[in-house]
A.B. asks: 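What follows is a single structure, and I will ask about it in a moment.
The shown structure was predicted, so the numbers you read here are calculated from the model rather than taken from an experiment. Because only heavy atoms are used, hydrogens play no part in the values below, and waters and symmetry mates are left out as well, while side chains stay in. Naming: A, B, ... by sequence-line order, numbering from 1 per chain.
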2 protein chains.
Amino acid sequence: MPEQHASATGNRGGDDHGTGNSSDTGNGRGDGDGNGTANSGGAPGRDTANRGRTRPTGHDVAGAAGVSQATVSLVLGGKWQGRVSARTAESVRAAARELGYRPNLAARTLRLGRTRTALLVVPALTNDFFATVHRGAVEVAGAHDFGVVLYPSPEGITAAPDPFASARTALDGVIASSMAPEALAALRGEGLPLVMLDSDEGACDATVNVDLADGMRQVVAHLRELGHRRIAHVAADVDSWTFEVRARALRDRLRACGATLLRTERSPLSVAGGLAAATRILATAGKAGAADVPEDRPTALVCDDDLLAVGALKAARRLGLRVPQDVSVTGIDDVALATAVEPELTTVRLPAERVGAAGMQALLSVLEGRPVEAVRLPVRLVARGSTGPCPSPGLHGSP
Amino acid sequence: MPEQHASATGNRGGDDHGTGNSSDTGNGRGDGDGNGTANSGGAPGRDTANRGRTRPTGHDVAGAAGVSQATVSLVLGGKWQGRVSARTAESVRAAARELGYRPNLAARTLRLGRTRTALLVVPALTNDFFATVHRGAVEVAGAHDFGVVLYPSPEGITAAPDPFASARTALDGVIASSMAPEALAALRGEGLPLVMLDSDEGACDATVNVDLADGMRQVVAHLRELGHRRIAHVAADVDSWTFEVRARALRDRLRACGATLLRTERSPLSVAGGLAAATRILATAGKAGAADVPEDRPTALVCDDDLLAVGALKAARRLGLRVPQDVSVTGIDDVALATAVEPELTTVRLPAERVGAAGMQALLSVLEGRPVEAVRLPVRLVARGSTGPCPSPGLHGSP
DNA sequence: CTCCCTCAGTTTTACGTATAACGGCCTTGT
DNA sequence: ACAAGGCCGTTATACGTAAAACTGAGGGAG
């Protein structure tokens, strides 16, 4: 079934898989063409060259079109302006389409020394924030004929990845959402351009950041408006720049408006981690009557991301505390999970797709030698059901 | 880190093990060179022009060790038994380590025609089931010196991916969790080995399935034990083999035990989709008093996956129905989300990691020409809080 | 008429690796 | 003593592509 459908994917390489090999793919492996011209006007040759199942090469296309391989490369590479006649170019394209030619990526890479491929290093795939970042990066990459291969650092956010073994090809650059110092050093040693997401500047060629200091400011303002003054921090147990920024911004903002940071509990970035940390915070007091509002129990938990916040939600419920009546909870990221739980999470929405897009954009700029300015993307608090007015000590216990 | 591993394709002799390979993990990255290599004189190797910043090649190593490039390839490829003396081999390895040599993957691929790389096609990364599948595949692949590159089909489960443009290198095979027919045809046309996960047999070289018919049997048995007789199906709006299996198994099992499949609502595979579908099912009756148990409202919702089930949870809550007192909900997959919500989901746990591992294993078998038998992995119902006894019409409404 | 320039291609080369084909030694067997 | 092999390497080649260098033919300009 010669179902030939031209996929107009916009890029120049036609992706057709026509298998109608009725054409005379002239020359095969035998390079005997050294003598005179391959007579084009001769008898219709038998299909000789298609050896079983190997993919056609540029030479096959050249033979079919009656030109040399160099011409095929010129035409298909798009650089034939003024070097090849329009008719010849068209016949080359026709032959390529007919044979279902696709250039050998390995050979092209070997020749060019570049791959038009970026590696995206993310800490985990279980947080769909990074899936969205990837989507944004792929979108921009695709528009520039670039590819993105994803490397989920398997051991978690602090492990050293082996990017080169993962991407089974040479790389033009790396976009890293988080990297262990030693892996970063290895990368730098390799001389690869590196764009860091949500990381400190320095030791990389460009950064794309999300304005989490402002995000924390919005969180604190929101909670202060609701009357909260005693706040705890469910922090990520990760030594990473972003999380330091969050902690510092939270501390500074709370101090600036006269609220108290009661305590900070660190835990791994997962629902289970948030559950454990929030339990440690909430269970230390008010055991007798959970509905009481003891002085040493915070009325709001600010969590470093949505996974932790969902864990905090569970912890509160297990301890018999209602959210948001007894305790408010906030997250960061606004992943799908945030609206899947009940109550829905008040959280800081990060423009994940734009992060990925800006990261890829920055990498492209670096590769082209253009100067790149540090990107800082704005964030926005999304108030939902997990935050509410601060419970007043007297009003609650007596119905 | 240049973990050079002897690739033993175990062609026939197959005595691959015992390669006391050089575990040069974390070799001195500090030796970045700073011109380090004092090219040993006296060797036939001539100019070893270290051109500034380019990566060292096999020729550079050869020059440094005073041998030919062929010997370098022999030694580093592990095939030097009886062809190179132990002392020479060691000096080659030392030179490679010193220079930080890493073989050029593109050149190797071009030469060998194989890449030891598999493509894993998954429908979406927002469902962390597939992240776990990926982990399983990577684990097995790594043990065989294979790589796995991930291709998230961006347009959802039915879109046609372009795997070849995605994986920026040639591929040895494909493991596909779901593919549109035209993409599958393209793959077959390319002659690539293909392992399908949770798909129909036929048109591929091997399949790895999860016993979802049995899973549905367990779900129905569980609900029947709790007394449920009127059941609705929140189905995936996807024309895919697995989902057909689920639907048929549910229908057959319900009929076999005398229960009724009240209706089926199809929706996209997401929390929002589940919310919409379950709302359509639950809102059609009992508007006046939600706590009533009208005859046309199901007492249990069986959902095609956990995302849908979480959406159903939300729908019930929004309609004022309690889970599980008023309505029970079940999912499939047992992803992290299942225990993040409240109540926790009763669901069918699928061995995601084993699926990925078995898929990679099957692909390796196909590549080596060994026969592969279809794999079918067992599943297990995990009863949690989202299912409870069927509400009896009289007992509930009057406090 | 010659010189130079453009057109329309072709030859040739290089990318880095793996391996087939080959060749000097040194040990054996007969 | 001399061919027959092990050792221990080397030289040469092919993989498919991109692009630089080269080749003619035709056509004004001087």
A.B. asks: Between D:dT17, C:dT17, D:dT10, which one does the side chain of A:N104 approach most closely?
C.D. replies: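 Of D:dT17, C:dT17, D:dT10, D:dT17 is nearest to the side chain of A:N104.
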A.B. asks: Below 4.0 angstrom from OP1 or OP2 of D:dT10, is there any side-chain N or O of B:S68?
C.D. replies: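 B:S68 to D:dT10 OP1/OP2: side-chain N or O found under 4.0 Å.
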A.B. asks: Output the rounded distance in Å from CG (B:L110) to P (D:dG16).
C.D. replies: 7 Å
A.B. asks: Nearest whole angstrom, please: distance from the C1' of C:dT17 to the CZ of B:R55.
C.D. replies: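 Rounded to the whole Å, the gap is 13 Å.
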A.B. asks: Side chain of B:A107: nearest nucleotide among D:dC15, C:dT19, C:dT17?
C.D. replies: C:dT17
A.B. asks: Sequence neighbours left out, what passes salt bridge (charged side-chain N to carboxylate O under 4.0 Å, His left out) with B:D172? Give chain and number order.
C.D. replies: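 Applying salt bridge (charged side-chain N to carboxylate O under 4.0 Å, His left out) to B:D172 gives none.
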A.B. asks: What's the verdict on side chain to side chain contact (heavy atoms under 4.5 Å, CB included) for A:L192 and A:L171, showing C-alpha distance, side-chain angles and the deciding distance?
C.D. replies: CA-CA 8 Å; A:L192 275 181; A:L171 299 170; 4.2 Å; yes
A.B. asks: How close or far is atom P of C:dG9 from atom CZ of A:R87, stated in whole angstroms?
C.D. replies: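 My rounded result for the distance is 8 Å.
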A.B. asks: Students often get this wrong, so: under 4.0 angstrom with heavy atoms, is A:V67 touching a base, only sugar-phosphate, or nothing?
C.D. replies: sugar-phosphate
A.B. asks: In whole angstrom, what separates A:E90's CD from C:dA8's P?
C.D. replies: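 After rounding, the gap between these two atoms is 16 Å.
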A.B. asks: A:W80 has an atom CH2; how far is it from atom P of D:dA19, in whole Å?
C.D. replies: 17 Å
A.B. asks: C:dT11, D:dG16, D:dT10: which one has an atom nearest the side-chain heavy atoms of B:T71?
C.D. replies: D:dT10
A.B. asks: Suppose we screen for salt bridge (charged side-chain N to carboxylate O under 4.0 Å, His left out). Which residues come up paired with B:E139, at least two apart in sequence or across chains?
C.D. replies: none
A.B. asks: With sequence neighbours excluded, what pairs up with A:R87 under the salt bridge (charged side-chain N to carboxylate O under 4.0 Å, His left out) test?
C.D. replies: none
A.B. asks: Side chain of B:Y101 only, heavy atoms from C-beta on: which candidate in C:dT17, D:dT10, D:dA19 is closest?
C.D. replies: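 Nearest nucleotide to the side chain: C:dT17.
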A.B. asks: Give the nucleotide from the list C:dT19, D:dT17, C:dT17 with an atom nearest to the side chain of B:A70.
C.D. replies: C:dT19
A.B. asks: With A:V140, which residues qualify under side chain to side chain contact (heavy atoms under 4.5 Å, CB included), at least two apart?
C.D. replies: A:H144, A:A357, A:M360, A:Q361, A:L364
A.B. asks: Rounded to the nearest angstrom, tell me the gap between atom NE2 in B:H59 and atom P in C:dG16.
C.D. replies: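 Taking atom P of C:dG16 as the reference, NE2 of B:H59 is at 9 Å.
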A.B. asks: Nucleotides 4-8 of chain D: which of its N/O atoms have a protein N/O under 3.5 Å away?
C.D. replies:
none

A.B. asks: Do A:S91 and A:T88 get their side chains close enough for a donor-acceptor pair, meaning under 3.5 Å?
C.D. replies: no
A.B. asks: Roughly how many Å is it from CG in A:L74 to P in D:dA20, rounded to a whole number?
C.D. replies: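 Computing the A:L74:CG to D:dA20:P distance gives 10 Å.
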A.B. asks: Just to verify, what does A:A106 make a side chain to side chain contact (heavy atoms under 4.5 Å, CB included) with, not counting sequence neighbours?
C.D. replies: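 Applying side chain to side chain contact (heavy atoms under 4.5 Å, CB included) to A:A106 gives A:N104, B:T109, B:L110.
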A.B. asks: Please state how far atom CG in B:D60 lies from atom P in C:dC15, giving the value in whole angstrom units.
C.D. replies: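 So the CG-P distance, B:D60 to C:dC15, works out to 11 Å.
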